[in-house]
Each structure stands twice: as structure tokens, then as C-alpha cells.
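Have a look at the structure below before the remarks.
Note that these values count all heavy atoms, side chains included, but never hydrogens, waters or copies made by symmetry. Position 1 is the first residue of the sequence; numbering continues from there.
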Amino acid sequence: MGILRLVFVLRCTLVNASRLMVHASVPLRLKLLALALGALILSPLNILGDIPVLGIVDDVALLGIMLGWFVNAASPHVAAPVWVSARR
């Protein structure tokens, strides 16, 4: 049940981040920083990328953290809510 909840929260965070990425009120510097961090995380020049399972797990975890940061940093710039809630 915990894994299913984690997948649902990650999906909601991804949807929220994509909506905030195209929103006009979010500053361009936040969007560019999020894109740069995402590219850095997914780049093949990764220290833990040589370990088969750990390389994938750390990329997913770092992307989740980065997406959560972006949603929290960009949300105050939007007047009306554009996000999906992970709560039932």
C-alpha cells in the first residue's frame, strides 16, 4: 500500500509541476532552474550511474525531490490553484 501511495503522490507532483511549468505567472528563473536540475539529474555523467540498480533509484528519488521543490517554490506565484491534490 505504501508503494502505491508513493506512486500516486509522485504522479500528482509531476502533473502539478507540468502545469506550473507552463503557467505565465511563474518566474522564468524558477522554470530554467528546474529544467537545469532535471537535466543534471538525468545526464549520463552520474557518479552512482555505474551501479545498476542504485543509479536508477537515486535518479528517481532526486527527480521526486526536485519536482516537489519546484511545486513548492512556484505555487506562491500563482493566484488560483492549478494543482492536483494527493489527498483523498
Side-chain angles (χ1 to χ4, degrees):
M1 190 71 162
I3 296 287
L4 187 60
R5 173 92 174 133
L6 180 65
V7 169
F8 181 70
V9 169
L10 187 60
R11 182 188 157 278
C12 290
T13 304
L14 184 62
V15 168
N16 293 337
S18 64
R19 288 181 181 176
L20 288 168
M21 191 61 79
V22 297
H23 202 279
S25 298
V26 177
L28 182 61
R29 69 184 185 317
L30 277 178
K31 294 176 185 180
L32 291 176
L33 185 59
L35 287 174
L37 286 173
L40 181 67
I41 291 169
L42 293 177
S43 75
L45 301 173
N46 193 350
I47 295 171
L48 297 176
D50 296 329
I51 304 169
V53 176
L54 192 57
I56 295 169
V57 172
D58 81 316
D59 286 348
V60 171
L62 287 174
L63 280 175
I65 292 169
M66 188 272 305
L67 287 173
W69 165 82
F70 177 71
V71 169
N72 287 333
S75 295
H77 298 283
V78 179
V82 294
W83 51 85
V84 176
S85 176
R87 296 180 185 175
R88 290 184 182 185

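- The side chain to side chain contact (heavy atoms under 4.5 Å, CB included) search around Ala34 returns Met21, Met66, Trp69, Phe70, not counting sequence neighbours.
- With Thr13 as the fixed residue, the side chain to side chain contact (heavy atoms under 4.5 Å, CB included) test singles out one of Leu63, Leu67, Ile65: Leu67.
- Nearest heavy-atom pair, Arg29 versus Pro27, reported as atom, atom and distance to 0.1 Å: NH1-CB, 2.9 Å.
- In this structure, Leu28 belongs to a hydrophobic cluster whose other members, linked by side-chain heavy atoms under 4.5 Å apart, are Leu32.
- In this structure, CG in Leu40 is found 9.0 Å from CG in Leu62, a value given to the nearest 0.5 Å.
- Across Asn16 and Val71, no two heavy atoms sit closer than the pair CB-CG2, 3.9 Å.
- Across all their heavy atoms, His23 and Lys31 have their closest contact at O-NZ, 2.8 Å.
- Side chains of Val78 and Arg19 form no contact here, defined as non-hydrogen atoms less than 4.5 Å apart.
- Here the shortest heavy-atom pairing between Leu30 and Ala74 reads CD1-CA, 4.0 Å.
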